[in-house]
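Below is one structure, written out as structure tokens; the observations come after it.
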Amino acid sequence: LAIHREVANRRSEGGHLCDYAELMIARRRVAEARELWRQGAAILGKIGDPGELKRATAAMRAACAKAGVPPLDEGTE
């Protein structure tokens with residue numbers, strides 16, 4: 001993440017924040033996951049990458065289902 005930020009690679013930063021949120025879900029750190037997801041999804045939305053956001057959303061929802069927690073974007077649609 002630090003490298004992506006340093007070189008201003010917003011797409012990868014956003015995607016990796018969303019991926020990091022999945023890791024936090026698996027570790028049952030839902031509050032941290034929600035914040036990481038919010039940041040990553042906001043970047044992907046701002047740069048206009050609906051394909052990556054769709055991929056990340058599907059992966060996040062699957063991770064949440066596996067962990068038995070509500071999707072991180074629930075109530076924001």
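- Atom CD of Glu74 and atom CZ of Arg61 lie 9.0 Å apart (nearest 0.5 Å).
- Separating the OG1 atom in Thr57 from the CH2 atom in Trp37 is a distance of 3.5 Å, to the nearest 0.5 Å.
- Contact of the Leu72 side chain with the Ile25 side chain is registered, since non-hydrogen atoms from C-beta on lie closer than 4.5 Å.
- Taking 4.5 Å as the limit, every side-chain heavy atom of Met60 sits out of range of all side-chain heavy atoms of Cys18.
- Across Pro70 and Cys64, no two heavy atoms sit closer than the pair O-SG, 3.6 Å.
- Interatomic distance, Leu23 CG to His16 NE2, rounded to the nearest 0.5 Å: 12.5 Å.
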Check: Could you go step by step and tell me if Arg55 and Asp49 meet the salt bridge (Lys or Arg N to Asp or Glu O under 4.0 Å) rule?
Finding: CA-CA 10 Å; Arg55 179 215 57 86; Asp49 193 338; over 6 Å; no

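- Under the 4.5 Å side-chain criterion, counting only non-hydrogen atoms from C-beta, Ile43 is in contact with Leu17.
- Between Val30 and Met24, the closest side-chain pair of non-hydrogen atoms is not below 4.5 Å.
- Atom CD of Glu13 sits about 9.5 Å away from atom CG of Leu44, to the nearest 0.5 Å.
- Between Arg34 and Asp73 there is no salt bridge, since no side-chain N of the basic residue sits under 4.0 Å from a carboxylate O of the acidic one.
- Here Tyr20 contributes atom OH and Glu35 contributes atom CD; the two are 12.5 Å apart, rounded to the nearest 0.5 Å.
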